[in-house]
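See structure below.
Values reported hereafter were calculated over all heavy atoms of this structure, with side chains retained and with hydrogens, waters and symmetry mates removed.
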Amino acid sequence: MIVGNFVNNLRNADIIKNIKKQRLSEVCALGTGGEAEIFIEPDTPEEFQEILVAAQGNRVYILGGGSNVVFPDGLVEGVVLSTRALKKIRWLEDSRVEVQAGYSLPKLFREVREHDLGGLEFAVGIPGTVGGAICGNAGAAGFGICDLLEEVTTIESDGNLRIWRKNDFAYSYRYCELANDARIIISCVMRFREKSPDDDSMIKNFADKRRNQPLEFRSAGCTFKNPESQSDKSAGKLLDECGCKGLGIGGAVVSGKHANFILNVAGASSADVFQLVRICRERVLSETGISLEPEIKFVGFDDAP
């Protein structure tokens, strides 16, 4: 329990006033998770800096839109920092935008379209925040949001700001080197291209594919990443062929519509989801030799599924 020492280390009265406990099931898309010991939603980079310095030596978890995150059940000790109040956006010259981490990705998609620009077509229907999208290099069909970045501003674990140029960090399919609870992505600068006649058809194709996703229950999005080198089959196809559709534990069930989605159909716990992910992963490994990597981030767990 860290509340007392943490509060004593803070100087900003507004931050102290905003410290609260929070049911994480209420701020995560899957609808599972226990209560955060300390939950704060700062709205300035300066507040994030002060909090990180005050929290030295304690666990700090960064939460964006909560679309692909699972926290444990019960009390989650430490500090959960939400970036969702960082919502500023500023359009620059030369088809560029400076946008904070808490800005809605669907809203940015719409704004790019309104500015008659292209490059973000793959993001249609993807939920969450810009910061979360960067952490997981959100994308589709070989496109990823990190390809659009010019620079990223972070707060490092010592509380100092750092600006990362595009060549300063590595990224690949569903991976970005900057994704680390020791730092916070605060904002980024993206460059878009001129709108193309093909953009509308690309958007339609991406939107049509996402209509096959199960939206009738809460989920954390895709459960597993698609295997890159071991198979030409998607994670969903592998799970389907291995009979994972319909598998369930407690209130968590593998969708019968799309096997790469685990649904919260009846008050699922995080433990239900954790065990179901493990069972699906072990079944695919046993039957195909392919080890699927979770796309869902299990934050605060002692081990991985």
Problem - Intermediate values then yes/no, side chain to side chain contact (heavy atoms under 4.5 Å, CB included), Ile19 and Leu10 - result: CA-CA 11 Å; Ile19 291 176; Leu10 287 174; 3.9 Å; yes
How about [X] and [Y]: do any of their side-chain heavy atoms sit closer than 4.5 Å?
{"X": "Asn226", "Y": "Tyr173", "result": "yes"}
{"X": "Ile155", "Y": "Leu52", "result": "yes"}
{"X": "Phe39", "Y": "Leu63", "result": "yes"}
{"X": "Val152", "Y": "Ile163", "result": "no"}
{"X": "Gln22", "Y": "Glu35", "result": "no"}
{"X": "Asp303", "Y": "Arg278", "result": "yes"}

Handout entry: Evaluation steps, side chain to side chain contact (heavy atoms under 4.5 Å, CB included), between Met190 and Val97
Key = CA-CA 5 Å; Met190 297 185 197; Val97 66; 4.1 Å; yes
Do [X] and [Y] share a hydrophobic cluster (ILVMFWY, side-chain heavy atoms under 4.5 Å, transitive)?
{"X": "Tyr61", "Y": "Val273", "answer": "no"}
{"X": "Ile89", "Y": "Ile126", "answer": "yes"}
{"X": "Val80", "Y": "Val53", "answer": "no"}

Handout entry: Ser196: partners by side chain to side chain contact (heavy atoms under 4.5 Å, CB included), with sequence neighbours left out
Key =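 Only Arg193, Asp198, Asp199 meet the side chain to side chain contact (heavy atoms under 4.5 Å, CB included) criterion with Ser196.
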Problem - Heavy atoms of other groups near Arg210 CZ, more than 12 under 6.0 Å - result: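 More than 12 heavy atoms, drawn from other residues, nucleotides or ligands, come within 6.0 Å of this atom.
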Handout entry: Identified side chain to side chain contact (heavy atoms under 4.5 Å, CB included) counterpart of Ile262 within the set Val277, Val70, Asp272
Key =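 The residue from Val277, Val70, Asp272 that satisfies side chain to side chain contact (heavy atoms under 4.5 Å, CB included) with Ile262 turns out to be Val277.
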Handout entry: Those residues that, when tested against Tyr103, pass ring pair (Phe, Tyr, Trp, His ring centres under 6.0 Å) (two or more places apart)
Key =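 Ring pair (Phe, Tyr, Trp, His ring centres under 6.0 Å) list for Tyr103, sorted by chain: empty.
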Quick one: closest heavy-atom pair of [X] and [Y], and the distance?
{"X": "Gly64", "Y": "Ser82", "value": "O-OG, 4.4 Å"}
{"X": "Trp91", "Y": "Arg96", "value": "CE3-O, 3.4 Å"}
{"X": "Asp43", "Y": "Ala85", "value": "CB-CB, 3.8 Å"}
{"X": "Asp94", "Y": "Arg191", "value": "O-NH1, 3.0 Å"}

Exercise for the section: Apply the test side chain to side chain contact (heavy atoms under 4.5 Å, CB included) to residues Phe6 and Ile16: give CA-CA distance (whole Å), side-chain angles for both, the deciding distance (0.1 Å), then the verdict. Expected result: CA-CA 10 Å; Phe6 176 75; Ile16 295 172; over 6 Å; no
Problem - Under 3.5 Å: donor-acceptor pair, side chain of Asn264, backbone of Gly267 - result: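 Side chain of Asn264 to backbone of Gly267, a donor-acceptor pair under 3.5 Å: yes, one is there.
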Handout entry: Cluster companions of Phe217 among Ile, Leu, Val, Met, Phe, Trp, Tyr (side-chain spacing under 4.5 Å)
Key =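 The other cluster members (ILVMFWY side chains, heavy atoms under 4.5 Å, direct or chained) are Val253, Phe261, Leu263, Val265.
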Practice task
Using a strict cut-off of less than 4.0 Å between a Lys/Arg side-chain nitrogen and an Asp/Glu carboxylate oxygen, indicate whether Asp240 and Lys237 qualify as a salt bridge.
Solution key: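 Salt bridge between Asp240 and Lys237, a charged N being under 4.0 Å from a carboxylate O: no.
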Practice task
In plain terms, say whether Lys233 and Glu241 are close enough for a salt bridge, that is, a side-chain N and a carboxylate O under 4.0 Å apart.
Solution key: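 Between Glu241 and Lys233 there is a salt bridge, with a charged N closer than 4.0 Å to a carboxylate O.
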Handout entry: Short side-chain donor-acceptor distance under 3.5 Å, Arg162 and Thr153
Key =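 Side-chain D/A pair, Thr153 to Arg162: absent.
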Exercise for the section: Name the orientation class of the two ring planes belonging to Trp164 and Phe169 (parallel below 30°, tilted from 30 to 60°, perpendicular beyond 60°). Expected result: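 Rings of Trp164 and Phe169: perpendicular, over 60°.
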